[in-house]
Chemist: 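Let me begin by handing over the structure; questions about it come next.
Not measured: the values here are computed from a predicted model. Along the sequence shown, residues are numbered consecutively beginning with 1.
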Amino acid sequence: MVSLALTLVMIAFVVRLLQVQAVDASEYAAKADQNRYVGRVLAAERGGITDRNGVDLAISTDANDITADPTMFSREQLKVDDGPEQAAALLAPIIGADQETLTEKLRTKNTRYVLLARRQTPQVWNQISDLKTALAKKAREDKATVNVLAGVFQEPSSKRVYPNGDLAAGILGWVNAEGKGGGGVEQQLNQQLAGKDGKIRYAQSGGRLVPTAGSTETPAVAGSDVELTIDRDIQWAAQNAITEQVKKSEADRGYVIVQDTRTGEILAMANSPGFDPNDLSRANPNSLHNWALEDAYEPGSTAKVMSMAAVLEENVATPGTHVTVPNRLHRGDRLFKDDIDHPTWYLTLNGVLAKSSNIGTILATGELGRNQRESNEILYSYLRKFGIGSRTGLDFPGETKGILAAPGDWSTSQQYTIPFGQGVSINAMQAASVYSTIANGGVRVEPTLVRGTKGPDGRFTPAPKSGKTRVVSEKTAKTLARMLESVVDDEEGTGTKARIPGYRVAGKTGTANRVDPATGRYSGYTSSFAGFAPADNPRITVYCAIQNATKGNYFGGQICGPIYKEVMEFALKTLQVPPTGAKPANLPVAFTP
């Protein structure tokens, strides 16, 4: 009897084993599949971006990634054929996704994880969660009802927010759908800002964590905060001024740069039109740039300060040197003229700069060497020392280094147009840097946009110090500063609209023929103004340029001079820079033959 009993027990075990391992193997494997280890990424918190005073420019707020387990939408689980379709119909309007795309994701085979939507606000998840709860309650009360959202979950994430809207958008850039910087500082410093994601691996059943099964976790490391050199208030003033003038002039675009002449720090870099990085769906793709660094254009007369610097440094002339300027000048295969017809002008070298004479500039730079070829080589060497044809040192995404051909490759016309700013291309930062070099006593300081970073441990790491290069002597720089005052203060000057009561202002106007990127031919004008203040103890450089003004005046002194004045006044007050009180030099502009 005992043997028979043991035999029957063994038979029962064998039958059960056959049932589990053979007959119902697939069913039990599916059930086991519902309770297995899964892993997911723990997103690192992205570092913030602030201005020089700690004002937030870009921050990360709590958000949720909406995910799903496709196996929980199968017919075996829901007992209905159209579970994915029903779930997609409910989710699509909440998360703003395409219903068909959601359905395809929920029908994905051989995976326990799909991402339905990234970086949704807590309100969105609350709406989904409330809907899940309501469906679950109804399913308990009515066996015919199915909770089609049971397989929808959330993972903690973060959303990038720009509290000031479009302010400094060209500098900041944006964060793309993958959570990576898609432009500007967000892209340039993405590695420091992003931090390092962590990982977690855990057992789950029905989408829920099984606490007793154990888990392994590698914590995420938060990104570093970045402190920029810009001042939010000065940035606002610059952006407001350029935006109004671009609209008024119906121009293609414009930019303003404000720089600390002593440190090279950029206090503002404004572009118009701009964009709101909070909502790229409404942005014009052509505006998703920092054109102040990405646009290469011929500067025109603002570049004459480099020609004058070469003339003074090489001891070819002094501010009082007499220059007789005819109405037309024949050089090479061209007949050159100034912006207006005039009788023969009897100007000093200072007057050539004040009245922005192309002919006078050609005559002055022609004396740099024993012949035109040597003069070209000497001028080229100064242009290079001023940073023309080289990157600024900012390492900004998309930055152009401009176009400056070697002197041996200058065409016949370029030999005479480059001295007054045509036939050579620069970006706005390079132009601003030229005037900051003069303001800084002839020493070029590489511009900087980042002051430093603060790691997760709270320790601040300053950015590397800017490189410095002497371009011209301090004597030449001071002489040029006095000459640039004549452009603004003298009634014969072209920059009278840039005057600031109580302050000595040095500046230069520019109105250049503009190359149309679409046709490659000259069409319209580049209007500009560059300068610094106080002229005898410089602290701030402001550069403004407007591309292709089509309504009203297009001369640089007329449309960019007032912007220079408005922005410079605001910056001087913000930084509490007092007037020096010293009287201007009042160098002579003309002479009597």
Chemist: Please report the C-alpha distance between Ile242 and Ile546 in whole Å, then the side-chain angles of each, then the deciding distance to 0.1 Å, and finally whether the side chain to side chain contact (heavy atoms under 4.5 Å, CB included) criterion is met.
Modeler: CA-CA 8 Å; Ile242 192 64; Ile546 292 178; 3.8 Å; yes
Chemist: So does Glu85 pair up with Arg107, basic N to acidic O under 4.0 Å?
Modeler: yes
Chemist: Output side-chain donor-acceptor pairs under 3.5 Å for residues 127-137, partner residues at least two apart or in another chain, one line each.
Modeler:
residue	atom	partner	partner atom	Å
Lys132	NZ	Val152	O	2.6
Thr133	OG1	Ser129	O	3.0

Chemist: Closer than 3.5 angstrom, by distance alone: can the side chain of Thr400 be matched with the main-chain N or O of Gly402 as a donor-acceptor pair?
Modeler: yes
Chemist: What closest approach, in Å, do Cys544 and Cys560 show between heavy atoms, and which atom pair accounts for it?
Modeler: SG-SG, 3.1 Å
Chemist: Does the pair Met72 and Phe153 meet the rule for a side chain to side chain contact (heavy atoms under 4.5 Å, CB included), with working shown?
Modeler: CA-CA 11 Å; Met72 297 181 68; Phe153 310 100; 3.8 Å; yes
Chemist: Return yes if some donor-acceptor pair links the side-chain N/O of Glu155 with the main-chain N/O of Thr67 below 3.5 Å, else return no.
Modeler: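 Checking the backbone N and O of Thr67 against the side chain of Glu155, no donor-acceptor pair under 3.5 Å is found.
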Chemist: To the nearest 0.5 Å, what is the distance between CD1 (Ile563) and OH (Tyr543)?
Modeler: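 The distance works out to 11.5 Å.
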Chemist: What I want to find out is whether Glu178 reaches Arg118 closely enough, with some N-O distance under 4.0 Å, to be called a salt bridge.
Modeler: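 A salt bridge is present here (some side-chain N lies under 4.0 Å from a carboxylate O).
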Chemist: Just by modelled atom types, is the Leu394 backbone N or O under 3.5 Å from a matching donor or acceptor in the Gln188 side chain?
Modeler: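 Yes, the answer is positive, given that a donor and an acceptor are paired below the 3.5 Å cut-off.
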Chemist: Taking all heavy atoms of Leu193 and all of Val185, pick out the closest pair and write down the distance.
Modeler: CD1-O, 4.0 Å
Chemist: Does Glu250 offer a backbone N or O that forms a donor-acceptor pair with the side chain of Thr550 under 3.5 Å?
Modeler: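 It does hold such a pair.
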Chemist: Tell me, with the steps shown, if Val450 and Val226 meet side chain to side chain contact (heavy atoms under 4.5 Å, CB included).
Modeler: CA-CA 7 Å; Val450 177; Val226 173; 4.0 Å; yes
Chemist: Less than 4.5 Å apart, any side-chain heavy atom of Glu298 and any of Val424?
Modeler: no
Chemist: Here's a test for you: under side chain to side chain donor-acceptor pair (under 3.5 Å), which of Arg46, Arg160, Lys159 qualifies with Ser60?
Modeler: Arg160
Chemist: Give, for atom CG of Asn147 and atom CG of Leu149, the distance between the pair rounded to the nearest 0.5 Å.
Modeler: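 Asn147 CG to Leu149 CG: 6.0 Å, rounded to 0.5 Å.
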Chemist: On a heavy-atom basis, which atom in Ser287 and which in Pro273 lie closest, and how many Å separate them?
Modeler: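 Between these two residues, the closest heavy atoms are OG-CG, 3.8 Å.
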Chemist: State whether the side chain of Asp260 and the backbone N or O of Arg262 hold a donor-acceptor pair below 3.5 Å, judged by distance alone.
Modeler: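 Answer holds: yes.
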Chemist: Is Val258 close to Thr541 at the side-chain level, that is, under 4.5 Å between some pair of heavy atoms?
Modeler: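 They are not in side-chain contact.
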Chemist: May I ask you to decide whether Arg391 forms a salt bridge with Glu399, counting only side-chain N to carboxylate O separations under 4.0 Å?
Modeler: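 Judged by the 4.0 Å cut-off on N to carboxylate O distance, Arg391 and Glu399 do not form a salt bridge.
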Chemist: For the residue pair Asn427 and Tyr297, confirm or rule out a side-chain donor-acceptor distance under 3.5 Å.
Modeler: no
Chemist: Can you check whether Met429's main-chain N or O pairs, donor with acceptor, with Ser433's side chain at less than 3.5 Å?
Modeler: no
Chemist: How long is the span from the CG atom in Leu575 to the CG atom in Asp231, to the nearest 0.5 Å?
Modeler: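 Here the rounded value is 6.5 Å.
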Chemist: Would you say that Arg444 contacts Lys468 through its side chain, given a criterion of any heavy-atom pair below 4.5 Å between the two side chains?
Modeler: no
Chemist: Taking the side chain as every heavy atom from C-beta outward, state whether Pro456 and Ser224 have any atom pair closer than 4.5 Å.
Modeler: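 The answer is yes; the side chains approach within 4.5 Å.
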Chemist: Could you give me the CA-CA distance, side-chain angles and deciding distance for Thr71 and Asp69, then say whether side-chain hydrogen bond (donor to acceptor under 3.5 Å, both in side chains) is met?
Modeler: CA-CA 6 Å; Thr71 65; Asp69 180 351; 2.7 Å; yes
Chemist: Taking all non-hydrogen atoms of both residues into account, name the closest pair between Thr392 and Pro447 and its distance.
Modeler: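 Heavy-atom minimum between the residues: O-CD, 3.3 Å.
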Chemist: Examine distances only and state if a side-chain atom of Asn271 and a backbone atom of Gly274 form a donor-acceptor pair shorter than 3.5 Å.
Modeler: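 It does not hold such a pair.
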Chemist: When the ring planes of Trp236 and Phe570 are compared, do they come out parallel, tilted or perpendicular, using 30° and 60° as the limits?
Modeler: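 Tilted, since the angle between the ring planes falls between 30° and 60°.
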Chemist: Would you say Pro70 and Leu106 make side-chain contact, with heavy atoms under 4.5 Å?
Modeler: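 Not touching, per the 4.5 Å side-chain cut-off.
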Chemist: Quiz question: by atom type and distance under 3.5 Å, do the side chains of Asp276 and Asn278 form a donor-acceptor pair?
Modeler: yes
Chemist: Looking at side-chain heavy atoms only, is the closest gap between Asn190 and Gln187 below 4.5 Å?
Modeler: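 Sidechains of Gln187 and Asn190: no contact.
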Chemist: For a side chain to side chain donor-acceptor pair (under 3.5 Å) with Gln547, tell me which candidate from Asp252, Asp516, Thr526 qualifies.
Modeler: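 The residue from Asp252, Asp516, Thr526 that satisfies side chain to side chain donor-acceptor pair (under 3.5 Å) with Gln547 turns out to be Thr526.
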Chemist: Between the side chains of Arg52 and Glu227, is the shortest nitrogen-to-carboxylate-oxygen separation below 4.0 Å, so that they form an ion pair?
Modeler: no
Chemist: Look only at the side chain of Asp51 and the backbone of Gly54, and say whether a donor-acceptor pair between them is shorter than 3.5 Å.
Modeler: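 Checking the backbone N and O of Gly54 against the side chain of Asp51, a donor-acceptor pair under 3.5 Å is found.
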Chemist: Taking the side chain as every heavy atom from C-beta outward, state whether Lys454 and Thr461 have any atom pair closer than 4.5 Å.
Modeler: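 Counting from C-beta outward, Lys454 and Thr461 never come under 4.5 Å.
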Chemist: Using a cut-off of 6.0 Å, state whether more than 12 heavy atoms not belonging to Gln86 lie near its atom CD.
Modeler: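 Yes, because the 6.0 Å sphere around CD of Gln86 holds more than 12 heavy atoms from other groups.
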Chemist: Roughly how far apart are Asn126 CG and Gln120 CD, rounded to 0.5 Å?
Modeler: 12.5 Å
Chemist: For Ala238 versus Ala270, what's the shortest heavy-atom pair and its separation?
Modeler: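 Reported closest heavy-atom pair: C-CB, 3.8 Å.
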Chemist: Start with the C-alpha distance between Ser390 and Lys401, add both sets of side-chain angles, then the distance that settles side chain to side chain contact (heavy atoms under 4.5 Å, CB included), and finish with yes or no.
Modeler: CA-CA 5 Å; Ser390 302; Lys401 64 179 181 179; 5.6 Å; no
Chemist: Between Glu294 and Tyr255, does any side-chain donor sit less than 3.5 Å from a side-chain acceptor?
Modeler: no
Chemist: Looking at every non-hydrogen atom in both residues, tell me the closest pair between Lys105 and Val114 and how far apart they are.
Modeler: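 Looking at all heavy atoms of both residues, the shortest contact is O-CG1, 3.7 Å.
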Chemist: Just how far is it from atom OG1 of Thr229 to atom CD1 of Ile171, taken to the nearest 0.5 Å?
Modeler: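 Nearest 0.5 Å value for the OG1-CD1 distance: 7.5 Å.
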Chemist: Hey, what do you get for CD1 (Ile59) to CD (Glu45), rounding to the nearest 0.5 Å?
Modeler: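 It comes to 10.0 Å.
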Chemist: Find out whether Leu449 and Glu265 are in side-chain contact, i.e. whether some heavy atom of one side chain is under 4.5 Å from a heavy atom of the other.
Modeler: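 The answer is no, as the side chains (C-beta and beyond) never meet within the 4.5 Å cut-off.
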